[in-house]
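Please read the structure below before turning to the comments.
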Amino acid sequence: MEKKIWIHSNLEDFNRLVAANAADLLAQAIQEQGYANFLLSGGSTPKGVYQALASDRFRRLVDWSEVHFFWGDERCVPPDDENSNFKMAFEVLLRNVPADPRKTHRIKGELAPNESAEDYRQLLADLAPAGMSWPIFDVALMGLGEDGHTASLFPGARHPDEGIYPVIPVTAQYQDRPAHRVTLTPLALNTSRNVIFLVTGESKALALQKALSDEEDLERIPVQRIRPAAGNIIWHTDSTAAKYIHQD
Ligand code: 6PG
């Protein structure tokens with residue numbers, strides 16, 4: 001596992017350079033295997049990156065018709081709800097690039113959490129390579145919460161099924177966001193080829209410091225559970241979020 005940390009001086013550079021990094025990795029995957037599995041993050045941080053990817057500068061670098069879109073987590077709300085991670089990504093990115101609707105694999109937030117998790121487990125299994133129960137994500141975009149969560153893996157005792165299933169239902173209070181969610185687990189995330197974390201803003205500085213700390217606390221800092229064994233972790237941050245990070 002190779003780890004890289006980028007500290008960008010402003011949000012414009014952050015969005016532009018994350019888009020360049022993701023577009024390059026997607027194009028590489030398509031060139032190598034004819035398709036790319038792209039796992040999208042929810043929350044607000046990725047919005048500027050999705051806008052950059054859909055811009056003239058980056059849109060043309062990727063054959064979007066060969067990209068399979070997945071989500072790392074979803075709030076249990078309908079796909080047209082303002083809180084839907086699918087809605088944000090669809091409106092900002094997917095409908096602005098020549099994506100193949102048959103390759104848009106959203107988590108069905110309109111279903112009850114358990115039903116939605118089971119539905120997505122089946123979808124991932126149907127798209128998995130031989131011998132696996134989920135696809136290998138070529139690029140997995142992930143966020144970081146102020147409490148150290150990522151996707152919908154929140155601090156506290158781990159869900160008993162986290163080590164058994166690639167997708168689980170969770171209930172978690174975070175800010176004013178919907179509590180009932182569905183999330184991929186480290187089981188499915190840690191086989192990714194490239195995990196790109198998106199972390200900006202001073203409010204994330206402490207969480208980022210703990211995320212990158214050698215002091216392991218997998219229950220209280222869930223983001224530490226994301227360790228792609230054979231993949232790369234790329235941290236894209238801005239100077240305010242990285243104020244406690246000292247690069248050697
Ligand atoms: C969600 C996200 C979540 C998000 C972090 C950071 O559904 O809310 O998947 O894990 O990435 O909470 O969110 P912001 O980018 O809004 O700070």
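Read the numbers this way: they start at 1 and go in the same order the structure lists the ligands and their atoms.
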Side chains of Q122 and D126, donor plus acceptor under 3.5 Å: yes

Beyond-backbone contact of V199 with T45, side-chain heavy atoms, under 4.5 angstrom: no

M142 contact mode with ligand 1 (heavy-atom cut-off under 4.0 Å): neither

Side-chain donor-acceptor pair present, W134, T191, cut-off under 3.5 Å: yes

K204 N/O to ligand 1 N/O under 3.5 Å: yes

Residue pair Q28 / D138, side-chain donor-acceptor N/O under 3.5 Å: no

Any side-chain donor near an acceptor of the partner, E162 and T185, under 3.5 Å: no

Within-cut-off N or O pair, Y174 and ligand 1, under 3.5 Å: no

Structural part of E74 in contact with ligand 1, heavy atom criterion under 4.0 angstrom: neither

Close approach of R181 to ligand 1, heavy atoms, under 4.0 angstrom: yes

Backbone of R177 reached by a side-chain donor or acceptor of Q175 within 3.5 Å: no

Under-4.0 Å heavy-atom contact with ligand 1, by part of L198 that carries it: neither

T45, portion touching ligand 1 at heavy-atom distance under 4.0 Å: both

Within reach of ligand 1, part of S41 (heavy-atom separation under 4.0 Å): side chain

N or O pair under 3.5 Å between S152 and ligand 1: no

Ligand 1-proximal atoms of A151, by part, heavy-atom distance under 4.0 Å: backbone

Ligand 1 to G145 polar contact by distance, N or O atoms, under 3.5 Å: no

Under 3.5 Å: donor-acceptor pair, side chain of K108, backbone of D119: no

Side-chain touch P113/H180, heavy atoms, less than 4.5 angstrom: yes

Contact check, E146 vs ligand 1, heavy-atom distance below 4.0 Å: no

